[in-house]
Structure formats: C-alpha cells, structure tokens
**Q** 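This is the structure I want to talk about, given as structure tokens.
Ligands are counted one by one from 1 in listed order, and the atoms in each one are counted from 1 as well.
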Amino acid sequence: MARRVGLTGGIASGKSTVSARLAALGATIIDYDRLAREVVEPGSPALDLIAQRFGAGVITPEGTLDRPALGALVFADPAALKDLEAITHPAIRDLAAEREQQAGPDGIVVHDNPLLVEMGAAAACDVVIVVDAPEELQLARMVGDRGMSEADARARIAAQASRDQRNAAADVLIENTGTREQLSARVDEVWKDLVEPGAR
Ligand SMILES: CC(C)(COP(=O)(O)OP(=O)(O)OC[C@H]1O[C@@H](n2cnc3c(N)ncnc32)[C@H](O)[C@@H]1O)[C@@H](O)C(=O)NCCC(=O)NCCS
Ligand SMILES: Nc1ncnc2c1ncn2[C@@H]1O[C@H](COP(=O)(O)OP(=O)(O)OP(=O)(O)O)[C@@H](O)[C@H]1O
C-alpha cells in the first residue's frame, strides 16, 4: 500500500513550496487547489450549479469561472462559502480518490490540501504534515508578495481553521519562519522519515 500523507497549512504558510520539494524527492502529489480548478471547468456540473447559486456575475464572457468575483463574494460571507463548498467539495473528493487510484499501490502519495483539517480528512492519512507560519508572516506574504489587500488577506485567514486547530492535527510540524534553504533542508529530513520510518 502506498503511504498516504496529508499536507496542509494556512494560506501562504509555504505549503506549495514544501509540496514542490516533496515532488522533487519522488512523492506523487495530489494538489487540491488544482483539483478545485478542474471541477469548475466550462461544461462541468459544478460550474452550472455555481452560476445558478451566485448569478451570471461570477462567469466571465468566455464562460469560465470569474475567480476574483466569486472569491470576493464567498470570503465576505460564511454562508455563501458553505454553499460553494457544498457544490465543489464532493467533486474534489471524487477526483482525489481517482488520482490516488491512478498513483498505484507503491510509494508516497501526498494529499496537498489547504483544508485537510476543515474537511475532516486528516484521520484518513497515515501521516499528517502541517506547515506552520505566524499570522503576521502569512499576511506579509499575501499583501507584500501577492498584492492582496490586507482586508482580503484577513478574510481568507478567518475562513480557515485556527492555527491551533490545524497544528493539533500534525504528526509532523514544519515551522516555516526561516529561510527557503532552511525550509528545504527540513523537508529533506521529513522525507527521510517518510521513506524509512524510525531510521533516524
Ligand atoms: C473562491 C475561489 C474561486 C477563489 O479562487 P482564487 O483563485 O482566488 O484562490 P485559489 O483557489 O487559488 O485558493 C488560494 C487559497 O485560498 C484558500 N482557500 C480556497 N478555498 C478556500 C475555502 N473554501 N476555505 C478557506 N480557504 C480557502 C486556500 O488557502 C487556497 O490555497 C476558490 O478558492 C474556490 O473555488 N474555493 C472553493 C474550493 C475549495 O475549497 N478549494 C480549496 C481546496 S479543497
Ligand atoms: N521560508 C521562506 N522564505 C521566504 N519566502 C517564502 C518562504 N516560504 C515560502 N515563501 C514564499 O511565500 C509565498 C507563499 O508560499 P507558498 O506559495 O509555498 O504557500 P502556500 O501555503 O502554498 O500558499 P497558498 O495557500 O496560497 O497556496 C510564496 O511566494 C513563497 O515563495
């Protein structure tokens, strides 16, 4: 059986950076942010349901999802976010299961899911890795590097599990408060434990 690893972290914690390093080391990655885009492609049942629930204003003239428009709606309104998740999460779960099947019986399969804890998926993993960064650092990365407004950045953080809730689910905690090099070295260490548990 492949080892099922859950990888999560608050927004802009460094989770994708960790995921990229794990991929380079040989893990198969199932990227839930990417799955969330696949399930709303034009012609998908989820996109039709989103248009019905949120109106034509969240669909671009080309017929694709207007992500900034929908993001502005749902991260300002918890009930709207719940409705969006009720539409997309079942399809995301199905696609993840399909990708896991395709990965085959061996190796390490990483479920790279920002909402691993929120979706109640941590218990189904053999190992849960949480990438942790303090809120000020998350905000600095979102506002400074990505040009998000501080209000939008805070709204996304508020839509997620608290740092304590997420960290409580961790078998392995990766603190991303240092340099990129330190982060990479820490991931290499974690990888050794994944492929050879108990060797260190
Ligand atoms: C609202 C949407 C259209 C905004 O799109 P946008 O391109 O701005 O953001 P993107 O999808 O790239 O997500 C960026 C980050 O936002 C955070 N985020 C996304 N969805 C959620 C959510 N439902 N709850 C809390 N945080 C979320 C995550 O940290 C994610 O890594 C999009 O995030 C979405 O469809 N979300 C619902 C699906 C979902 O829950 N995806 C998360 C993986 S399961
Ligand atoms: N140790 C670090 N030092 C400096 N910059 C970093 C470090 N770790 C990550 N970053 C940068 O911070 C930003 C957020 O990192 P990353 O994209 O890996 O986070 P994420 O948790 O996957 O974000 P999201 O939830 O939005 O997908 C990126 O621009 C990344 O290059």
Side-chain angles (χ1 to χ4, degrees), residues 6-23 29-41 44 46-47 49-51 53-54 57-60 64-97 99 110-122 129-149 152-163 165-166 174-187:
L7 172 66
T8 194
I11 185 162
S13 59
K15 185 178 57 63
S16 303
T17 308
V18 170
S19 177
R21 182 70 195 145
L22 289 171
I29 309 292
I30 301 177
D31 177 342
Y32 280 60
D33 280 336
R34 196 177 295 168
L35 299 185
R37 286 170 190 263
E38 286 185 42
V39 301
V40 296
E41 274 170 7
S44 63
L47 188 60
L49 289 169
I50 289 170
R53 165 64 178 84
F54 296 99
V58 301
I59 307 295
T60 66
T64 59
L65 182 62
D66 186 335
R67 306 182 69 85
L70 184 56
L73 280 178
V74 298
F75 291 115
D77 177 356
L81 182 60
K82 246 185 153 179
D83 288 348
L84 174 64
E85 292 179 348
I87 293 169
T88 56
H89 284 186
I92 292 169
R93 282 198 182 89
D94 286 352
L95 204 49
R99 296 289 150 84
V110 176
H111 291 255
D112 173 0
N113 180 356
L115 305 181
L116 188 82
V117 171
E118 293 86 336
M119 290 168 78
I129 301 173
V130 176
V131 185
D132 179 55
E135 196 169 305
E136 311 81 71
L137 212 51
Q138 287 177 282
L139 282 171
R141 287 181 185 147
M142 281 188 276
V143 176
D145 304 349
R146 297 185 187 170
M148 217 185 244
S149 77
D152 285 352
R154 286 192 187 278
R156 291 222 185 187
I157 291 175
Q160 303 190 336
S162 72
R163 203 175 160 195
Q165 283 169 332
R166 198 168 29 244
I174 297 183
E175 302 229 30
N176 185 20
T177 48
T179 63
R180 287 174 206 274
E181 290 69 29
Q182 285 169 327
L183 180 62
S184 187
R186 173 79 177 110
V187 179

**Q** Run the numbers for me: atoms of ligand 2, each under 4.0 Å from some heavy atom of Lys15, listed by number.
**A**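 Numbered from 1, ligand 2 contributes 18 (O), 19 (O), 20 (P), 21 (O), 22 (O).
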
**Q** Please compare Ala36, Gly9, Ser13 and report which has the shortest non-hydrogen distance to atom 41 (N) of ligand 1.
**A** Ala36

**Q** Between the candidates Met148, Arg37, Arg146, which shows the shortest non-hydrogen contact distance to atom 12 (O) of ligand 1?
**A**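 Among Met148, Arg37, Arg146, the closest heavy atom to atom 12 (O) of ligand 1 comes from Arg37.
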
**Q** For atom 21 (C) of ligand 1, what's the nearest protein heavy-atom neighbour? Residue, atom name and distance, please.
**A** Phe75 CZ, 3.8 Å

**Q** Any atoms of ligand 1 less than 4.0 Å from a non-hydrogen atom of Leu81? List them with their elements.
**A** 23 (N), 24 (N)

**Q** Check each atom of ligand 1 against the heavy atoms of Leu84 and keep those under 4.0 Å away; list them by number with element.
**A** 1 (C), 35 (O), 36 (N), 37 (C)

**Q** To check your reading of the model: name the closest protein heavy atom to atom 14 (C) of ligand 1, its residue, and the distance in Å.
**A**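 The answer is Arg156 NH1, 3.5 Å.
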
**Q** Give the numbers and elements of all ligand 2 atoms closer than 4.0 Å to a heavy atom of Asp33.
**A** 27 (O)

**Q** Just to confirm my output: which protein heavy-atom neighbour is closest to atom 32 (C) of ligand 1, and how far is it?
**A** Arg67 NH2, 3.6 Å

**Q** Looking only at protein heavy atoms, which one is nearest to atom 29 (O) of ligand 1, and how far off is it?
**A** Gln160 NE2, 2.8 Å

**Q** Checking a contact table here: which protein heavy atom is nearest atom 14 (C) of ligand 2, and how many Å away?
**A** Arg146 NH2, 3.4 Å

**Q** Please work out, at 4.0 Å between heavy atoms, whether the side chain, the backbone, both, or neither of Glu85 comes within that distance of ligand 1.
**A**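 The answer is the side chain.
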
**Q** State which residues pass ring pair (Phe, Tyr, Trp, His ring centres under 6.0 Å) with His111; sequence neighbours excluded, sorted by chain then number.
**A** Tyr32

**Q** Quick one: pull up CG in Leu22 and OG1 in Thr17 and give me the separation to the nearest 0.5 Å.
**A**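 It comes to 11.0 Å.
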
**Q** Which heavy atom of the protein is the closest neighbour of atom 38 (C) of ligand 1, given with residue, atom name and distance?
**A**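 Checked against all protein heavy atoms, atom 38 (C) of ligand 1 sits closest to Thr88 OG1, 3.7 Å.
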
**Q** Just need the protein heavy atom nearest to atom 39 (C) of ligand 1, so name the residue and atom and give the distance.
**A**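 Protein heavy atom at minimum distance: His89 NE2, 3.6 Å.
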
**Q** How far is atom 29 (O) of ligand 2 from its nearest protein heavy atom, and which residue and atom is that?
**A** Asp145 OD2, 4.0 Å

**Q** Suppose I only count heavy atoms of Asp33 and a 4.0 Å limit; which atoms of ligand 1 are within that range?
**A**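 Under 4.0 Å from Asp33, ligand 1 has these atoms: 30 (C), 31 (O), 42 (C), 43 (C).
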
**Q** Using a strict 4.0 Å cut-off to heavy atoms of Gly10, name the atoms of ligand 2 that fall inside it.
**A**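 What qualifies from ligand 2 is 21 (O).
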
**Q** For a 4.5 angstrom cut-off between non-hydrogen side-chain atoms, does Leu7 reach Leu116?
**A**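 With C-beta onward as the side chain, the pair stays apart.
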
**Q** Tell me the protein heavy atom at minimum distance from atom 31 (O) of ligand 2, and give that distance in Å.
**A** Arg180 NH1, 2.7 Å

**Q** Nearest to atom 15 (C) of ligand 1, what protein heavy atom do you find, and at what distance?
**A**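 Scanning the protein heavy atoms, the shortest distance from atom 15 (C) of ligand 1 goes to Ile11 CD1, 3.7 Å.
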
**Q** Could you tell me which atoms of ligand 2, counted from 1 in the order shown, lie closer than 4.0 angstrom to a heavy atom of Thr179?
**A** 1 (N)

**Q** Hey, is Val40 touching ligand 1 through its side chain, its backbone, both or neither, going by heavy atoms under 4.0 Å?
**A** neither

**Q** With heavy atoms under 4.0 Å as the rule, classify the contact between Glu118 and ligand 1 as side chain, backbone, both or neither.
**A** neither

**Q** Looking at ligand 2, does Gly178 have a heavy atom less than 4.0 Å from it?
**A** yes

